[in-house]
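In what follows, residues are counted from 1 in the order of the sequence shown. Indexing begins at 1, ligand by ligand and atom by atom, following the structure's order.
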Amino acid sequence: MTVLPLRPDLQGCEPYGAPELDVPVRLNVNENPYPPSPAVVADIAAAAGRAASGLNRYPDRDFPGLRAALADYLAAESGVSLGGEQVWAANGSNEVMAHVLQAFGGPGRTCLSFTPTYSMYPEYARDTFTRYVTGPRREDFTVDVGAVAAAIARERPAVLILASPNNPTGTALPLNDVVAVLEAARGHGPADTATSGDSADSADTATDCVVVIDEAYAEFRRPGVPSALELLERTDADGTPRYPHLAVTRTMSKAFGMAGLRLGYLAASAELVDMLRIVRLPYHLSAISQAAALAALDHRQELMSQVASLRDERDALVEWLRAHGWNAHDSDANFVLFGPFADREAVWRGLLERGVLIRVVGPEGYLRACVGTSQEMERFRTALLAVTGNTTGQATTLVNEEKNA
Ligand code: PMP
């Protein structure tokens, strides 16, 4: 028998990922349920075809065309004006985040986050030999900025990751809180040992902790909820970025309805983006991916047209769950965390038997369902009532019918 030298810290680990099951109603990985229209498909296919004729050559390594197009999209979506040099992209925001940890994390460095949150964060840290430290969110899943500042001062993290809206809770961060965190992060990153030598605690070698606001679900936020992108426009009196240590990650996987494309991106200061270019593998974004993403971005209005109805469906789901006696958290994303259930695994299995796949994730007793089409949501609601024996809905219906009679 051969014994392969898997890294000791990876022994016994399972690959990350939700079960991939072929069932009629898939509400488990927060995708957009609407496939691209035939017109969008035709344009993407034509763009991929044109790119295919040049596949003997490596793709554009720094892809300025796609970065400018993503900056354009952000301007339309959030009203924030950024240059293409302030945008970075990779195969999903997962890979973008891996670049961040490769550039700023590493042995002897710390990545800080606040839980419950997205369960890939510890994996980015593990894979880059970065220590992963977490603090708790409040009971309502908001972030206690004082506690974040205290943890930053204590841990001197190289990277702080906060998801907004958060997965799996749907909680968005107020802009003032992001500002407070950015101020707390200033000068409180790890000591810059490259320039300080042994005097690791000397003040002039202090770095700023990189603050990543993971906005994978930002397009689903409720009206009036700001994006941290706005903070990238702020400058000091001399015109330099006020928050050069802020990075906002986004993805085409969710609201944009292109999870299969694998295109995530980040907006930050040009200085930070340039540092990510050091660690990316050469030609990491294939010519086909670049061409398909550019073609999809041309259709942004159509691809985003379902976002409003998905938001309505989400808000209706929260109300329906509450009307049936469950806790459901307000969400700025395309999913809802709800419960509690004495045996959430049993509820998950019962739903699966009825063709509905959701996710066991988050605090004990809770489940997360993402928002599908209205037909899918109807099926989810019917299945959940059947599995849990909840008759509150039937009782409500009877009362209403009696009133109408
Ligand atoms: N961030 C969060 C909070 C997520 O939930 C996800 C996907 N589930 C991602 C990042 C990664 O998405 P992608 O790699 O598809 O861009």
**Neighbouring residues of ligand 1, heavy-atom cut-off under 4.0 Å** = G92, S93, N94, Y118, N167, D214, A216, Y217, T251, S253, K254, R262
**Request:** Can you tell me which residue pairs pass the ring pair (Phe, Tyr, Trp, His ring centres under 6.0 Å) test with a partner in residues 268-301, sequence neighbours excluded?
**Result:** Y58-Y283, F63-H284, W88-H284, H99-H284
**Prompt:** E376: what forms a salt bridge (Lys or Arg N to Asp or Glu O under 4.0 Å) with it, not counting sequence neighbours?
**Reply:** none
**Request:** Describe, in one word, how the ring planes of F341 and F338 are oriented to each other, choosing from parallel (under 30°), tilted (30 to 60°) and perpendicular (over 60°).
**Result:** perpendicular
**Prompt:** What residue pairs, at least two apart or across chains, pass salt bridge (charged side-chain N to carboxylate O under 4.0 Å, His left out) with a residue in residues 319-348?
**Reply:** R222-D332, R322-D330, R344-E364
**Asked** Do you see a donor-acceptor pair shorter than 3.5 Å between the side chains of T169 and T171?
**Response** yes
**Request:** Would you check if there is a donor-acceptor pair between the side chains of N166 and Y217 at a distance under 3.5 Å?
**Result:** no
